[in-house]
2 protein chains.
Amino acid sequence: MSWKIKPSPRLGAMAATKDPRPCSIADALALVGEKYSLLVLREVCLGNGRFDQLVRNIGAPRDILATRLRRLVDAGILTRCAYSERPQRFEYRPTRAGLELEPVLMTLMAWGDRHLRKDDDRPMVIEHICGNELLPVVTCSVCGDEVRHEDVSAHPQAPGWTVAGPTAA
Amino acid sequence: MSWKIKPSPRLGAMAATKDPRPCSIADALALVGEKYSLLVLREVCLGNGRFDQLVRNIGAPRDILATRLRRLVDAGILTRCAYSERPQRFEYRPTRAGLELEPVLMTLMAWGDRHLRKDDDRPMVIEHICGNELLPVVTCSVCGDEVRHEDVSAHPQAPGWTVAGPTAA
DNA sequence: ATGGTGAGTTTGAATTTCCTACTCACCGGT
DNA sequence: ACCGGTGAGTAGGAAATTCAAACTCACCAT
């Protein structure tokens with residue numbers, strides 16, 4: 001009788017490493033990157049924070065939405081405030097931290113408008129107080145210039161991490 | 001014998017509506033909002049586009065990563081180019097459209113740095129060509145002012161949609 | 001008493017993700 | 001020629017999530 005000897009698994013091809021690059025993008029996404037979370041924030045920033053409105057406008061299943069809302073409230077991104085006692089009814093509103101995610105939504109929307117739609121059939125236009133349609137641009141807070149890919153360089157701070165990955169094992 | 005009469009289901013409390021608010025944020029997220037997709041973009045923008053590097057630096061399961069890469073390539077956000085024939089080896093690189101998502105990553109990172117970390121233990125610092133650390137700010141491309149929540153107003157274009165949801169049914 | 005609304009919860013089925021291992025093509029050393 | 005190693009994935013089954021539809025509870029209006 002013969003057994004298939006278990007040939008020690010390849011050492012190079014392992015599962016997802018348990019310590020990926022430490023990064024605030026990853027951390028932020030762990031909080032608001034789940035399906036629907038950013039759409040909740042969109043609606044809430046539009047002033048539209050009641051449960052059934054969220055269900056309708058986002059198109060999310062009610063139970064999932066309830067889970068997301070709990071998480072966003074716990075994270076301090078939303079607050080749940082009563083807009084009526086007897087009958088008790090609630091409304092979700094962005095906290096300061098939540099409002100500070102709006103720039104993310106705006107740049108994302110601008111990208112979608114530019115790359116996902118042909119012509120000018122934008123489903124929503126944002127007007128700036130200056131009187132013009134808002135075309136959001138990301139700039140350097142110091143010099144004020146628009147940020148371009150070739151004008152920035154990343155410097156990882158965590159030990160063992162370079163821009164190219166962990167220092168050669 | 002008695003049957004439980006099926007009491008026609010409530011009309012008010014239905015499942016997720018099949019036509020949520022039309023919105024480029026939603027469309028963009030449908031493309032790049034799945035788990036890991038934006039982290040792929042992060043690595044690829046860092047110039048780090050080989051499969052095994054992505055696995056290590058992102059911490060994603062290999063099969064999921066393969067699926068995401070296919071999707072991003074199909075969407076025209078990444079390209080898969082050979083960096084060596086014999087043996088064939090590939091590398092993923094951002095297209096123009098992919099690079100234009102960098103502002104989203106930057107604002108997200110800045111938010112994470114500000115709200116998810118106490119003190120200044122940022123895992124990564126970005127330097128702008130002007131010589132300073134980059135603190136990205138979203139501004140109005142016309143007037144140049146920083147965009148603040150209270151300075152913008154949204155105008156949905158789709159018929160039947162106001163900022164507050166579908167026109168009263 | 002009946003029906004309606006807001007804000008969720010429950011339940012079971014359908015999808016996705018995750019983990020571990022496996023493949024294929026090639027290279028480099030002995 | 002054989003052995004081990006690397007890059008870039010694929011395969012298969014268990015575990016976790018999502019989804020749709022219905023159900024609950026408290027209250028108000030008729």
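Each chain gets a letter, A, B and so on, in the order the sequences are listed, and its residues count up from 1.
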Notebook entry, point to check: Cut-off 3.5 Å, side chains only: do A/Ser24 and B/Arg117 have a donor facing an acceptor?
Noted result: yes
Test item: side-chain donor near acceptor, A/His128 and A/Glu133, under 3.5 Å:
no
Please check the phosphate of D/dA8 (OP1 and OP2 only) for any side-chain N or O of B/Tyr83 closer than 4.0 Å.
-> yes
| Quick one: is C/dT16 close enough that its OP1 or OP2 comes under 4.0 Å of any side-chain N or O from B/Arg68? | no
Taken to the nearest 0.5 Å, the spacing of B/Met106 CE from A/Cys140 SG works out to 10.5 Å
A/Phe51 has its side chain closest, among C/dG8, D/dA20, D/dG9, to C/dG8
[N] [atom2] sits how many Å from [X] [atom1], rounded?
X       : N      : atom1 : atom2 : value
A/Ile58 : D/dC19 : CD1   : C1'   : 16 Å
B/Glu91 : D/dG9  : CD    : P     : 12 Å
B/Phe90 : C/dA25 : CZ    : P     : 13 Å
A/Leu54 : C/dT5  : CG    : P     : 18 Å
B/Asp63 : C/dC22 : CG    : P     : 16 Å
B/Arg56 : D/dT6  : CZ    : C1'   : 10 Å
B/Arg62 : C/dC24 : CZ    : C1'   : 13 Å
B/Asn57 : D/dG7  : CG    : P     : 13 Å

**Prompt:** Counting heavy atoms not belonging to A/Arg114, are there more than 12 under 6.0 Å from its CZ?
**Reply:** yes
Side-chain ion pair, B/Arg21 and A/Glu43, N-O less than 4.0 Å
yes
Practice task
Inspect the contact between B/Arg71 and B/Glu34 and indicate whether a charged nitrogen and a carboxylate oxygen are less than 4.0 angstrom apart.
Solution key: yes
* Asked: Is the charged tip of B/Arg89 near the ring of B/Tyr83: under 6.0 Å from the six-membered ring centre and within 45° of its axis?
  -> no
Within residues 34-48 of chain B, those residues having any heavy atom closer than 4.0 Å to DNA chain C are B/Lys35, B/Tyr36
Residues of residues 69-78 of chain B with a heavy atom under 4.0 Å from any atom of DNA chain C, listed by number, are none
Could you write out each protein N or O paired with an N or O of nucleotides 27-30 of chain D at a distance under 3.5 Å?
unit_1 : atom_1 : unit_2  : atom_2 : d
D/dC27 : OP1    : A/Arg86 : NH1    : 3.1
D/dC27 : OP1    : A/Arg86 : NH2    : 2.9

Does any N or O donor sit under 3.5 Å from an N or O acceptor when you compare the side chain of A/Arg50 with the base of C/dG6?
no
